[in-house]
Each structure stands twice: as structure tokens, then as C-alpha cells.
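Structure record follows, encoded as C-alpha cells.
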Amino acid sequence: MNARIVSVNIGKPKVVTWRGRTFSTAIEKTPASLPLPVRGVNIGDDDQADRTVHGGRSKAIYAYALGDYAW
């Protein structure tokens with residue numbers, strides 16, 4: 001199987017209200033220009049809202065397979 005990077009997406013946390021709850025999320029990511037440095041817990045200018053479950057030294061990069069998009 002051949003793999004290729006189609007897009008590297010980054011974003012910053014923001015406060016949103018959904019279903020009556022207000023919280024911080026960084027779910028909105030947009031394509032970035034390459035190359036991007038990977039430093040510490042982030043790639044480029046990306047950031048995570050809740051590092052207890054996202055990001056960190058062992059989770060700074062996540063790759064989606066094409067099949068993930070159908071879901």
C-alpha cells in the first residue's frame with residue numbers, strides 16, 4: 001500500500017457554545033502551508049484545547065485514513 005500526505009491541518013482553541021454548554025475546542029482545523037516544524041507537543045501553529053485527552057508528547061500528530069472520511 002502507498003501512503004501520501006494530502007493535507008496538514010492546524011488550528012487554535014476557541015470557546016464555543018453547543019447544546020447549552022460553553023467549552024473550549026480546537027476541532028476546527030484548516031490546511032497549512034508546508035513544511036511545518038514539529039516541536040514539543042504541537043505541529044506548526046496548531047494547539048489542542050484539552051491536553052488530558054488530545055495532544056501531548058505522544059499524540060502531537062494524528063493521521064486520518066481515507067476510510068475515516070466516510071464515517
Side-chain angles (χ1 to χ4, degrees):
M1 171 173 48
N2 293 323
R4 67 185 176 102
I5 297 172
V6 175
S7 178
V8 174
N9 299 330
I10 61 174
K12 295 283 188 186
K14 67 179 188 177
V15 176
V16 299
T17 301
W18 184 66
R19 294 188 177 183
R21 288 184 49 223
T22 300
F23 55 93
S24 180
T25 181
I27 191 79
E28 283 188 18
K29 307 287 184 179
T30 56
S33 300
L34 297 176
L36 292 172
V38 177
R39 291 189 205 112
V41 296
N42 291 319
I43 182 168
D45 286 329
D46 190 49
D47 205 356
Q48 302 82 38
D50 183 355
R51 289 213 179 109
T52 64
V53 292
H54 300 287
R57 295 196 76 72
S58 64
K59 300 181 238 172
I61 299 172
Y62 182 81
Y64 282 98
L66 184 59
D68 291 338
Y69 287 96
W71 174 76

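Residue numbers start at 1 and run along the sequence shown. Heavy atoms only: backbone and side chains are in, while hydrogens, waters and symmetry mates are out.
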V8: partners by side-chain contact (heavy atoms from CB on, under 4.5 Å), with sequence neighbours left out: I5, L34, L36, I43

So, taking the atom named CG in D50 and the one named CZ in F23, what distance separates them when rounded to the nearest 0.5 Å? 11.0 Å

Nearest heavy-atom pair of D47 and P13: which atoms, and what distance? CB-CD, 3.6 Å

Please, which pairs that meet salt bridge (charged side-chain N to carboxylate O under 4.0 Å, His left out) have at least one residue in residues 18-33, sequence neighbours excluded? K14-E28, K29-D46

Salt bridge (Lys or Arg N to Asp or Glu O under 4.0 Å) with K12: which residues, sequence neighbours excluded? none

